[in-house]
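Numbers here simply count residues along the sequence, with the first being 1.
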Amino acid sequence: MTDRRVAYRSAALLLAYPDERLVERLPLVRAALEEQAAGRGRGARREPYTHLLSSVEVVEQTPVDVLARRYVEVFDLDRKHPLYLSYFT
């Protein structure tokens with residue numbers, strides 16, 4: 001059975017503000033997701049892990065400053081896409 005905690009933790013890391021620490025952790029995140037995507041046993045759901053792996057690929061191929069700028073544009077400046085629930089959402 002696959003472990004959902006890997007998907008949740010990976011998603012949390014990928015949704016955090018992009019910095020050098022994220023870049024340092026990407027090989028570990030990739031390895032954990034690939035292990036879960038390989039899936040063992042019948043009925044293992046691989047989709048969440050393969051989708052997260054595609055996000056890892058985007059982060060790996062994009063410079064950190066571009067990721068940071070895009071993060072601010074989407075989550076900080078656009079009122080329609082707040083990352084955190086608040087009174088204003």
Side-chain angles (χ1 to χ4, degrees):
M1 179 189 290
T2 57
D3 191 347
R4 291 182 184 175
R5 293 175 294 181
V6 172
Y8 295 151
R9 182 64 178 145
S10 298
L13 288 170
L14 292 169
L15 282 171
Y17 186 83
D19 57 10
E20 293 301 324
R21 287 179 46 205
L22 173 62
V23 174
E24 292 169 3
R25 293 177 177 172
L26 280 178
L28 181 61
V29 172
R30 174 179 280 288
L33 290 171
E34 286 174 344
E35 181 179 315
Q36 294 300 314
R40 297 189 177 97
R42 285 185 9 199
R45 293 195 59 211
R46 294 173 182 89
E47 295 87 12
Y49 305 104
T50 54
H51 292 303
L52 287 168
L53 277 167
S54 64
S55 296
V56 169
E57 289 174 10
V58 169
V59 173
E60 289 173 336
Q61 297 170 2
T62 309
V64 176
D65 60 327
V66 174
L67 291 171
R69 190 171 344 129
R70 183 70 179 136
Y71 181 94
V72 170
E73 289 171 0
V74 171
F75 294 122
D76 293 343
L77 300 178
D78 188 348
R79 293 187 71 141
K80 294 181 182 178
H81 301 105
L83 186 58
Y84 304 104
L85 295 177
S86 70
Y87 173 79
F88 299 105
T89 56

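Atoms NE2 and CG, from H51 and L33 in turn, are 12.5 Å apart once rounded to the nearest 0.5 Å. Taken to the nearest 0.5 Å, the OG atom of S55 stands 8.5 Å off from the CG atom of L15.
Applying the side-chain contact (heavy atoms from CB on, under 4.5 Å) criterion to A11, with sequence neighbours excluded, gives L52. With sequence neighbours excluded, the residues that form a side-chain contact (heavy atoms from CB on, under 4.5 Å) with T62 are V58, V66, L67. Under the rule for a side-chain contact (heavy atoms from CB on, under 4.5 Å), the partners of L26 that lie at least two apart in sequence or sit in another chain are L14, L22, V56, V59, E60.
Contact of the E57 side chain with the R30 side chain is registered, since non-hydrogen atoms from C-beta on lie closer than 4.5 Å.
In terms of heavy-atom proximity, Y17 sits nearest to V72 at CE1-CG2, 4.1 Å.
Of the possible donor and acceptor atoms, none in the side chain of S10 sits under 3.5 Å from a partner among the backbone N and O of A7.
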* To do: Mind running salt bridge (charged side-chain N to carboxylate O under 4.0 Å, His left out) on E73 and R70 for me, showing each step along the way?
  => CA-CA 5 Å; E73 289 171 0; R70 183 70 179 136; 3.5 Å; yes
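Cluster membership for V6 and L28, using ILVMFWY side-chain heavy atoms within less than 4.5 angstrom, is not shared.
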